Amino acid sequence: MKIADQMMRFRVTDGQGFRLAEHDTAETCGLDKDHAQSLLADGVKRLAELQEKLYAQDRWSVLAIFQAMDAAGKDGAIKHVMSGINPQGCQVFSFKAPSEKELDHDFMWRTTQCLPERGRIGIFNRSYYEEVLVVRVHPELLARQKLPRELVTERIWSERFEDIRAFERYLARNGTIILKFFLHLSKEEQRRRFLERLEEPAKRWKFSLGDVEERKRWDAYMAAYEDMIRHTATPQAPWWVVPADKKWFARLAVAAALVDALAKRDLRFPKVTGPALADLEKARKRLEAEAPRRKRS
Ligand code: ATP
Ligand code: MG
């Protein structure tokens with residue numbers, strides 16, 4: 001089976017009955033690192049070609065959402081997969097703990113303003129999905145959200161899932177291609193990466209004590225991720241559950257998913273026809289009629 005086809009097993013388009021435990025964090029589809037890296041290079045090139053057409057055609061937009069536990073490799077995946085892309089056609093937004101101003105609005109407000117224009121790829125490094133992850137694991141964060149009391153009931157998570165599904169369906173109907181990546185890391189691999197951050201001076205800045213504190217809530221996070229995927233994986237906005245214990249494999253899987261999503265659309269450079277073509281001909285004649293300037297010596 002082709003590698004691209006094998007990657008399809010990570011795509012979840014119907015969340016019903018989804019079980020995280022059935023997804024291996026260390027899967028590599030039988031590839032070794034070298035082979036995966038050369039496939040990634042091909043994928044990055046292909047993505048760059050597709051993005052040029054996406055931009056020129058100016059019809060579709062792409063929203064790629066990244067969610068994961070700390071040290072799962074979101075930043076590295078974004079950096080490597082997007083490395084071939086024209087920066088003018090791509091924007092990355094990172095969403096951290098919300099500000100006071102953001103808390104004065106509905107939970108989608110801050111991300112809505114960052115949605116990609118037509119022709120562009122927008123990347124969300126964390127997103128409104130934090131609202132059913134960290135906020136669910138930490139009830140005190142929900143308490144800070146200034147919601148009217150009577151609206152905060154035990155149904156709040158299923159209501160948020162419903163609103164997110166509706167919102168993504170709306171975006172899809174307006175021409176946004178949505179891909180959601182959950183970089184699925186094992187608890188042991190996170191421990192190893194935290195230790196590495198502590199040991200290597202160039203990585204120390206990434207470490208925060210809070211990250212180790214969150215690790216204690218690992219099971220609660222996994223339950224929240226599983227429930228999120230169950231309720232928000234749809235054909236128009238699938239979740240990609242990417243095995244992330246091997247960074248090189250996670251990057252390849254993300255690139256393959258993006259290539260798959262774009263290659264399925266009929267992306268093409270706009271054709272110049274009719275009067276516009278006649279204008280081009282006129283322009284060519286004028287340029288050719290100009291005397292070439294002499295080069296200064
Ligand atoms: P990352 O961990 O993504 O590499 P970082 O370490 O540079 O980024 P942090 O300061 O850890 O950035 O900010 C991300 C933190 O913000 C995470 O702990 C995340 O759970 C939290 N966060 C994001 N969105 C929300 C939200 N809507 N409500 C509460 N906390 C949020
Ligand atoms: Mg962090």
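None of these values were measured; they are calculated from a predicted model.
- With hydrogens and angles disregarded, no donor-acceptor distance shorter than 3.5 Å links the side chain of Gln190 to the backbone of Leu185.
- Residues Met8 and Trp240 form a side-chain contact, since some pair of their non-hydrogen atoms from C-beta on lies under 4.5 Å apart.
- Atoms NE2 and NZ, from His105 and Lys146 in turn, are 9.5 Å apart once rounded to the nearest 0.5 Å.
- A donor-acceptor distance shorter than 3.5 angstrom exists from the side chain of Arg165 to the backbone of His231, with no hydrogens or angles considered.
- In this structure, Glu226 contributes its side chain and Ala223 its backbone to no donor-acceptor pair below 3.5 Å.
- Leu258 has its side chain within reach of Met82: a pair of non-hydrogen atoms, C-beta onward, lies under 4.5 Å apart.
- Of the charged side-chain nitrogens involved, none lies within less than 4.0 Å of a carboxylate oxygen, so that Glu288 and Lys285 do not count as a salt-bridged pair.
- Using a distance-only test at 3.5 Å, with no hydrogens or angles considered, a donor-acceptor pair links the side chain of Asp245 to the main chain of Ser186.
- Here the side chain of His80 pairs a donor or acceptor atom with the backbone of Gly76 at under 3.5 angstrom.
- Nearest heavy-atom pair across Ala257 and Phe181 is CB-CE2, 3.5 Å.
- With a 4.5 Å cut-off on side-chain heavy atoms, Phe66 and Val254 count as touching.
- Looking at Arg144 and Glu140, no side-chain N of the basic residue comes within less than 4.0 Å of a carboxylate O on the acidic one, giving no salt bridge.
- Under the 6.0 Å cut-off for aromatic ring centres, Phe207 and Phe194 qualify, their centroids lying closer than that.
- For Gln16, the CD atom is loosely surrounded, since the number of other residues' heavy atoms within 6.0 Å does not exceed 12.
- Of the possible polar contacts, none joining the Glu52 side chain to the Asn86 backbone as a donor-acceptor pair under 3.5 Å is found.
- Within a 6.0 Å sphere centred on NZ of Lys264, other residues, nucleotides and ligands contribute more than 12 heavy atoms.
- Under the 4.0 Å criterion applied to side-chain N and carboxylate O atoms, Lys282 and Asp279 are assigned as salt-bridge partners.
- Looking only at side-chain heavy atoms (C-beta outward), Val132 and Thr232 stay at 4.5 Å or farther from each other.
- For Lys180 (side chain) and Ala237 (main-chain N/O), a donor-acceptor pair under 3.5 Å exists by modelled atom type.
- At distances below 3.5 Å, not a single donor-acceptor pair connects side-chain atoms of Tyr129 with backbone N or O atoms of Tyr225.
- In this structure, Lys33 places its NZ atom where only 12 or fewer heavy-atom neighbours from other residues, nucleotides or ligands lie under 6.0 Å away.
- In this structure, Gln51 and Ile121 have side chains that are in contact, with non-hydrogen atoms separated by less than 4.5 Å.
- Counting only heavy atoms from C-beta outward, the side chains of Asp227 and Arg136 approach each other to under 4.5 Å.
- Between Arg126 and Asp70 there is a salt bridge, since a side-chain N of the basic residue sits under 4.0 Å from a carboxylate O of the acidic one.
- Ring geometry, Phe124 versus Tyr128: the interplanar angle exceeds 60°, so the pair is classed perpendicular (tilted spans 30 to 60°).
- For the pair Pro243 and Phe10, the tightest heavy-atom approach, listed with the atom from each and the gap, is CG-CE2, 3.6 Å.
- Between Asp211 and Arg215, no side-chain nitrogen of the basic residue sits less than 4.0 Å from a carboxylate oxygen of the acidic one, so the salt-bridge criterion is not met.
- Of all the heavy atoms in Pro116 and Gly122, the pair that sits closest is CB-N, 3.6 Å.
- At a threshold of 4.5 Å between non-hydrogen side-chain atoms, the residues Arg110 and Phe95 count as touching.
- Within 6.0 Å of the NZ atom in Lys246, the count of heavy atoms belonging to other residues, nucleotides or ligands does not exceed 12.
- More than 12 non-hydrogen atoms from other residues, nucleotides or ligands lie less than 6.0 angstrom from CZ of Arg204.
- Judged purely by atom type and a 3.5 angstrom limit, Thr176 has no side-chain atom pairing as donor or acceptor with the backbone of Ile178.
- Distance CD/Gln6 to NZ/Lys2: 11.5 Å, rounded to 0.5 Å.
- Shortest non-hydrogen contact noted between Leu179 and Ala261 is CD2-CB, 3.9 Å.
- Side chains of Glu214 and His138: a donor on one and an acceptor on the other come within 3.5 Å.
- The number of heavy atoms from other shown groups lying within 6.0 Å of CZ (Arg217) is above 12.
- For Phe18 and His23, the distance between ring centers is under 6.0 angstrom.
- In this structure, the side chains of Cys29 and Phe249 come closer than 4.5 Å at one or more pairs of heavy atoms.
- The two atoms that bring Arg11 and Asp260 nearest to each other are NH1-OD2, 4.0 Å, heavy atoms only.
- Across every non-hydrogen atom of Trp157 and Glu131, the tightest pair is CZ3-O, 3.1 Å.
- Using modelled atom types, no side-chain atom of Arg192 and backbone atom of Glu188 make a donor-acceptor pair closer than 3.5 Å.
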